[in-house]
Amino acid sequence: MTLDEILQSLFPDGHDIARTDGLLSGSATMKGGAVAAVIGVEGRAPLGVDGALKLGGHVLDALERGGDAPVIVLVDSDSQRMSKRDELLGLNEFLAHLAKGLILADLRGRPTVGILYGHTAAGAFIATALATRVLVGLPGAEPEVMDLPSMARVTKLSVEVLTEKARSTPVFAPGLDNLARTGGVLETWDPSKPLADQLAAVLGRADTRDRRDALGKERGGRPKAADIAERVRELATRAG
Amino acid sequence: MSDLTPGGTSESGRGGVSWYEASARQRVRLLLDAGSFTEFVGPEQRETSPHLQVFDLPEQFDDGMVVGAGTLGGGAVLVAAQEGRFMGGAFGEVHGAKLTGLLRAARDLTSTPVLILFDTGGVRLQEANAGELAIAEIMRAVVEARHAGVTVLGLVGGRSGCFGGGGLIAGCCSALAVSEQGRIGVSGPEVIETNRGVEEFDSKDRPLVWRTTGGKHRRLIGGADAFADDTVDAFRACALDLLRTTGPLTLDTLRNEQARLRERLDRFGACADARDVWAKRGVDDAGAVPGLPADDFIALAGRVAEPSHDAR
Amino acid sequence: MRDWSRDGTARDERVAAGRVLARGKAVHRDDAAKLLEALLKPGDRVCLEGDNQKQADLLAEALTRVDPAVVHDLHMVQSGVVLPEHLDVFESGIAKRLDYSYSGPQAARVARMLFGGKIELGAVHTYLELFARYFIDLTPHVALIAAVSADRDGNLYTGPNTEDTPTVVEATTFKNGVVVAQVNEIVDRVPRVDIPGDRVHFVVEAGRPFYVEPLFTRDPGAVTETQILTAMLAIKGIYAPYAVKRLNHGIGFNTAAIELLLPTYADRLGLKGEICTHWALNPHPTLIPAIESGWVEQIHSFGSEVGMDDYIRARPDVYFTGADGSLRSNRAFCQTAGLYACDMFIGSTLQIDLAGHSSTVTTSRVAGFGGAPNMGSDPRGRRHPSAPWLKAGREADPDAPAPLRRGRKLVVQIGETFGDGNVPLFVEKLDALNLAEKLDLELAPVMVYADDTTHIVTEEGVANLLLCRSPAEREQAIRGVAGYTEIGRGRDRAMVERLRARKVIQRPEDLGVDPLDADRSLLAARSVKDLVHWSGGLYAPPAKFRNW
Amino acid sequence: MENLTYRHKAKTRAPGDKPLALVGVVASGNLEVLVERVLPDTDCEVAIATTAKGFGDVWAAVVSDFVERRSPGGLRLSINDGGARPDTVALRLSQAVRSLEEGR
């Protein structure tokens, strides 16, 4: 689906979203009339200090306005922008700032939903789609924590060997399915049905607690994370 | 297990022990009040990574992450430390889950501070998806804890620095203490050079690497709140100090951060080099900064660096 | 009537051919290759100054650009084969035969080219040996040297890295040869005259500094616990009992660890002033803490070291310096000093065999030995006594009448039983022998011969070969410190215990050293930055050693 | 990876009171040793997981010397090895046993 088709299907009652330099920011009318804040990255743009600050500011503005309408994050991005300037200026703080804004929104009763409709990778992924309460994917989305050729370089294994290994475990290879099995993506939407309905359904049943590790365990992609985290939590709670 | 001993560095007193050289276990034990540390899910439980076998790689009994509770200056704290020498301190499934669990406990307890002793290159490649999600979960847990009123401090001064997702987690902390060796960033110099070419970033130009990502630059640009000499004692003093001065995460905090980062972009966005940033910051002899001893640098940073409290 | 100055006439003709390109003695760098074409004749012996540290890099590059139809089959006689250009000239046929001493970074390529027949090898020498032959049968027709600056008359200032230059010039100029110097800059007045101008025929201004390799910088951050243990054993097991004051160190990490333990561990043993006071040594940055702590009386150097210039300048009581204040080094003199005026050499190697022969040559790397075989040999011409020398002589031959008994130089090999990549230090047969067979050499490239080696130090202990009375004892003494290598595991345990009772082998516990005390906190400096602090900010390490 | 286990009889119980300790880290050329006091005082077991295959003889020699020199009765030592040299292994084993003696 193109971004226009997605926006049309998500917000049939209209939206006011600015699209500049690969960044999306604006608002949209939800089914039922609530006005959601929308941010995002399109066209596989990298996310650098300037973009992260702009999106972060948009989220904070929405929070300032109050209410309990959702914040929607649409993502088709590159990785974080890799440059000396970005690192010099402290890209980690800018990306974290955006992520903190999204997480705080959720904690303040503004459900956050990430919609991954294209590519994303590494730090850009963490700061946007993975900072939401719920992340869903559209068919064809290609999240990529680390691409196989880069992995091949570092692990000194061939891409063929890595591809073979990826058949037995979803834990390292790129792709929507692998990420879903490790618990990162809640569900993949059906583009042939109205996205607005699917969004409403997700908002209706989303948990405010972070349950991605439990989901990864259920789906077999992350066998240990949920249990380890829970054991540590219990021990630490008792010790504290 | 309160007395895990690392191989490598002297046990005689914490003052002279180099943070950079110490192991994760040694940092924890010497940072906290003597004998106060209790580990959770320690190495004897052998909760190793379930994924390294696939790559025929050796496991470590604690998966490179030490978590537990103790006291600092008499007050209860939760603490987590990454072992930067095991797989570059990278986040894997178990490694990350321990920290997630610790932060969730802090959130539930609402008042016990958390110290995170970073030493990481980012996501562990061999379990990239698990590592990426672990980082996302940790960031969420940090913000939840801080929102509940918990102070989360990051200490950075290890040989792997604090890169990739580690840099983003650091950016979520209430405050950071950093030493000269403590590099903080997202894309490491080698990664930038590989992707963008040596003209963009020469990763072999070590002075360039250090002044762009190192602790002194982070302190001067406002990316860290305190600068520590490379000793366990210095980090302890910084931690005690920062615990007294930090508050909860609120919308105002992020508003202030928005303004702080906006100002940074406006003032320094056109700087080509860290030395230009420092000069604009008001440092008279920017070229001398890398060579300054810790005390002199701390005095300098006290004069010119912005107070960043409640803007992080 | 015989003409007794044919060589001089030939030299004059060469100089006249070069003068066409010169203004005074100065030749523009763009004309450097043309100059060499004018000066050189096929088959000439050429010294292209490649020292251990400094390199006449502009002239090396120019030599690769001469026309092989005009200049070919040169016989290169140079101590260091360091730059790629040094071997490029063999690929293109400009050069054919090679006599040298050291080829660290090019060692693998030298090996390939030897096997491929691209290089006709004369011999691999020690520095002093090659210098000696410059005056007997390897006298250069043309020398291409490097200096920091020149004046209009050709007076040269070499800077702290004087190194081989005076020797090369002496042998060339005074035997009808031609000397071409590349200099960083031409100035009105040089800071000091290291080479008088009448020995120099042409000067090429490079407009940039010549290349210098920081060969003697060891990052304290990379010193391991095991290396510290070997250093403790050496200090307690050799330096202290022999009271070694005059010595030379190799460039390995084990000896760097010794340097860094002097102000700490050795100080606690009460050894200050008793050991390590007089040195033949390059300006090792790792010696700074010992110097600053008052351990060191004086140091004479083969060359300088990158970043040490200001520190040396500020410590003229310790180093040899010129009227201008900068270091004056001289490889030939320092090698002589190391041979005759030092009581100990201690260094590392890659392989030691069961007799005690050692070599850094492997079948894939022909590195040469530089000064080590000279430093690491017992000088038969020595006549002055000293306590360590006499003690070692007594141990080697207790029954000889004292007034007629030669002393012995202490020649110590120090290392870990396994090196990089788990490669064992101890072997049945040196790779050097395999290489000699493959290349049909008359003499295997052995670095230190067994009969010169007096001690071997590993993490397992100290073997004193002076006390061995038979080849069998010698073999077991070596096996007895060879750890878990195959050689070590093949030891005769009973005999090793007997040797231990006689102190031929001393274990850490025999010396009162607890291996668990071998800890990085013992190092006076644990990082390059610590060295900078020790130097009061005078040491300026090269960028690749910086962590800040 | 290669797994090796060696069982020995020890002359005496390892000194100290602590039930367990850990030394070292798993990195290239390094190893970790987890030592636990879980066996009868006469027994010692060393279990190794190593990246370097085919060094069983060397491990056997290192472990046997270690048992002879340190007499680690009652201890199980578990090793994760990143290809450490034998001298490093011997050092870590000694450090592990000593750390059971350390106070606090």
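Each chain gets a letter, A, B and so on, in the order the sequences are listed, and its residues count up from 1.
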Greatest number of heavy atom pairs closer than 4.5 Å to chain B - which of [options]:
{"options": "A:G123, A:S83, A:A131", "value": "A:S83"}
{"options": "A:R108, A:R81, A:R209", "value": "A:R209"}
{"options": "A:V232, A:V171, A:L102", "value": "A:V171"}
{"options": "A:D227, A:L63, A:N92, A:D106", "value": "A:N92"}
{"options": "A:L130, A:L95, A:L60, A:T182", "value": "A:L60"}

Where the side chain of [X] meets the backbone of [Y], is there a donor-acceptor pair that is under 3.5 Å apart?
{"X": "B:N129", "Y": "A:A173", "result": "yes"}
{"X": "A:K84", "Y": "B:A272", "result": "yes"}
{"X": "A:K165", "Y": "B:V54", "result": "yes"}
{"X": "A:D210", "Y": "B:A141", "result": "no"}

Euclidean distance, [Y] [atom2] relative to [X] [atom1], rounded to 0.5 Å:
{"X": "A:L235", "Y": "B:L102", "atom1": "CG", "atom2": "CG", "answer": "10.5 Å"}
{"X": "B:T250", "Y": "A:L104", "atom1": "OG1", "atom2": "CG", "answer": "8.0 Å"}
{"X": "A:K224", "Y": "B:T48", "atom1": "NZ", "atom2": "OG1", "answer": "5.0 Å"}
{"X": "A:I126", "Y": "B:M139", "atom1": "CD1", "atom2": "CE", "answer": "6.5 Å"}
{"X": "B:E132", "Y": "A:E144", "atom1": "CD", "atom2": "CD", "answer": "11.0 Å"}
{"X": "A:K100", "Y": "B:L254", "atom1": "NZ", "atom2": "CG", "answer": "6.0 Å"}

Under 4.5 Å from any heavy atom of chain B, what part of [X] do you find: side chain, backbone, both or neither?
{"X": "A:D50", "answer": "both"}
{"X": "A:R181", "answer": "neither"}
{"X": "A:P143", "answer": "neither"}
{"X": "A:R211", "answer": "neither"}
{"X": "A:A226", "answer": "neither"}
{"X": "A:L162", "answer": "side chain"}

Among [options], who wins on heavy-atom pairs under 4.5 Å with chain A?
{"options": "B:V191, B:T213, B:T253, B:V41", "value": "B:V41"}
{"options": "B:R104, B:R124, B:E127, B:K98", "value": "B:R104"}
{"options": "B:V94, B:T112, B:V123, B:T100", "value": "B:V94"}
{"options": "B:A274, B:G185, B:A105, B:C271", "value": "B:A105"}
{"options": "B:L251, B:I184, B:L249", "value": "B:L251"}

Checking heavy-atom separations under 4.5 Å from chain B, one finds in residues 212-221 of chain A A:R212, A:D213, A:G221

Sorted by chain and number, sequence neighbours left out, side chain to side chain donor-acceptor pair (under 3.5 Å) with A:E230 holds for A:R233

The interface call for B:L261 against chain A, heavy-atom contacts under 4.5 Å, is both

Okay, B:L208 and chain A: the region with an atom under 4.5 Å from a heavy atom over there is side chain

Evaluate the side-chain proximity of B:V186 to A:D86: yes if any heavy-atom separation is below 4.5 Å, no if none is. no

Residues passing the salt bridge (Lys or Arg N to Asp or Glu O under 4.0 Å) test with A:E87, sequence neighbours excluded, are none

Residue set satisfying side chain to side chain contact (heavy atoms under 4.5 Å, CB included) with A:L107, at least two apart, ordered chain then number -> A:I103, B:R140, B:V143, B:E144, B:H147

- Item | Cationic N near anionic O, under 4.0 Å, A:R222 to B:E137 | yes

So does A:D61 pair up with B:R255, basic N to acidic O under 4.0 Å? yes

Notebook entry, point to check: Would you find more than 12 non-hydrogen atoms of other residues, nucleotides or ligands less than 6.0 Å from B:D266 atom CG?
Noted result: yes

